[in-house]
Colleague: 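A single structure is presented below for examination.
Remember, it's 1-based here, ligands and their atoms both numbered in the order they're listed. Only this structure's heavy atoms are used, side chains among them; waters, hydrogens and symmetry mates stay out.
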Amino acid sequence: MESHQGLLNQGASGVASTGVLTIDLSAIQANWRTINASLAAGAQAAAVIKADAYGLGAAQVGPALYRVGCREFFVATLTEARAVKEYLPKDANIIVLGGARPGDEGAFITEGLTPVLFSLPAVERWQQACLTVGAPQPSALKLDTGMHRLGLSSDELDQMLAEPARLKECGIALVMSHLACADEPDHPLNRQQQHRFHNAVDQLRQHLPGVRLSLANSSGIYLGPDWHYDLVRPGASLYGFNPQPGNPNPMQPVVQLDLPVLQVRDVAHSGTVGYGASTPVDAPARLAVVAGGYADGLNRTLGQHALGVVGEQRIQVIGRISMDLTIFDVSELPSGESPKWIQVLNRELTVNLVTERTGALGYEVLTSLGGRYRRIYLEEPQS
Ligand SMILES: *Cc1c(COP(=O)(O)O)cnc(C)c1O
């Protein structure tokens, strides 16, 4: 905490980047523990750390979650898997949602990575690779239960079931599917998907008696205990998003973003602000120009609905967000006060609030917090 405050106290001149992104690893750990402790008996929480842990840094987030007991990690690609493997102890199970692309099967086996098999050709390729090394290798089988994204259709599953030897040769240790509408608890597709999942699993279990099951992402977990099975796959909720939109958020906020003020200007004559001269400003007004723009993930679609805060006072973005700069209207601040920093994400200004105000997806907000910020990771020692 001290180094963080120290840095901000130096004022904008002390920072060479566009802004300071503070990531509270202890909050991510607490969120994982909250979920893991809430699960039905026998169920366990994995962690989804794809897309560099939703932009927050898989190299930091993965090990932090390992330290509190997480052992299963989902990423999207082989490249992501290799990157996080560097930082995780050997007993961590790294599961690649995007599967093994043709020709990569051998690398998965030698590097000890688990592919998600989501099509018949992928199953066949994995089976061949397993036969080549002479033993089944751990894999996960993904079923499409109604989202029509990745996963075996029911026809493909029937073809698999017609050759049950293949199921064993492929080392299938996990059967999974993914919910399309888990954040809408009353959506009928949820139960339909669950029903299809049960039907498929009943048949698969005859050949794979001990196989583990997984259906829920963050919001799916909060549909209730009968959605937990053996393994849940939270991503967004670990990073502070509310898994139950419209209800109180059980998660702790994780990110704080502070942008340094480069210039405070008094507007003496009414005119317009920013590119396109699209936004009028009435004199007298005070504007603060901060370092940080759409190249830093402050997407232009956030536009004029975006908020910042100085102390307790909320302020508005004015004019179009540019590549490296954003302008805030600070006319309402007490006269004579020149802020050195404007905070755009914190405990009150959460990703969920940004989502509600601007219509951006929380996932987009986090994964776009690009590479130009100075990053600070906070972690309390484990007691
Ligand atoms: C991204 C992803 C998750 C995590 O979803 P959240 O909504 O972020 O919790 C879980 N399962 C699969 C298959 C995914 O692609």
Colleague: Considering Arg233, Lys50, His178 one by one, which has a heavy atom nearer to atom 2 (C) of ligand 1 than any of the others?
Modeller: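 The residue whose heavy atom sits nearest atom 2 (C) of ligand 1 is Lys50.
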Colleague: Looking at Asn242 and Asn247, would you say the former's side chain and the latter's main chain have a donor-acceptor pair under 3.5 Å?
Modeller: yes
Colleague: Would you kindly say whether Tyr377 and Gln60 are connected by a side-chain donor-acceptor distance under 3.5 Å?
Modeller: yes
Colleague: I want to know if ligand 1 touches Lys142 in the polar sense, i.e. an N/O pair below 3.5 angstrom.
Modeller: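 Between Lys142 and ligand 1, no N or O pair is found under 3.5 Å apart.
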Colleague: Starting from atom 5 (O) of ligand 1, find the nearest protein heavy-atom neighbour and note its residue, name and distance.
Modeller: Asn217 CB, 3.4 Å
Colleague: With a 4.0 Å cut-off on heavy atoms, is Met147 touching ligand 1?
Modeller: no
Colleague: For ligand 1 and Gly235, I'd like to know whether there is a polar contact (N/O to N/O, distance under 3.5 Å).
Modeller: yes
Colleague: List the closest protein heavy-atom neighbour of atom 9 (O) of ligand 1: residue, atom name, distance to the nearest 0.1 Å.
Modeller: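 Checked against all protein heavy atoms, atom 9 (O) of ligand 1 sits closest to Ser218 OG, 2.5 Å.
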Colleague: Is the closest N or O pair between Leu97 and ligand 1 shorter than 3.5 Å?
Modeller: no
Colleague: Measure Tyr363 to ligand 1 on non-hydrogen atoms and call it side chain, backbone, both or neither using the 4.0 Å cut-off.
Modeller: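 The answer is the side chain.
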Colleague: Taking the minimum heavy-atom distance to atom 4 (C) of ligand 1, which of Phe118, Tyr54, Phe74, Tyr239 ranks first?
Modeller: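 Minimum heavy-atom distance to atom 4 (C) of ligand 1 goes to Tyr54.
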Colleague: For Thr145 and Ser177, indicate whether the former's side chain and the latter's backbone hold a donor-acceptor pair under 3.5 Å.
Modeller: no
Colleague: Could you measure the distance from the CD1 atom of Ile376 to the CG atom of Asp258? Nearest 0.5 Å is fine.
Modeller: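 One finds 8.5 Å between CD1 of Ile376 and CG of Asp258.
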Colleague: Would you call Lys168 and Glu163 a salt bridge, using N to O less than 4.0 angstrom?
Modeller: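 Salt bridge: no.
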Colleague: Passes ring pair (Phe, Tyr, Trp, His ring centres under 6.0 Å), Tyr87 versus Tyr66? Steps please.
Modeller: CA-CA 10 Å; Tyr87 302 99; Tyr66 186 94; over 10 Å; no
Colleague: Under 3.5 Å, sequence neighbours excluded: what are the donor-acceptor pairs made by side chains of residues 308-323?
Modeller:
from: Gln316; atom 1: OE1; to: Arg357; atom 2: NH2; distance (Å): 3.2
from: Gln316; atom 1: NE2; to: Gln304; atom 2: O; distance (Å): 2.8
from: Ser322; atom 1: OG; to: Leu325; atom 2: O; distance (Å): 3.4

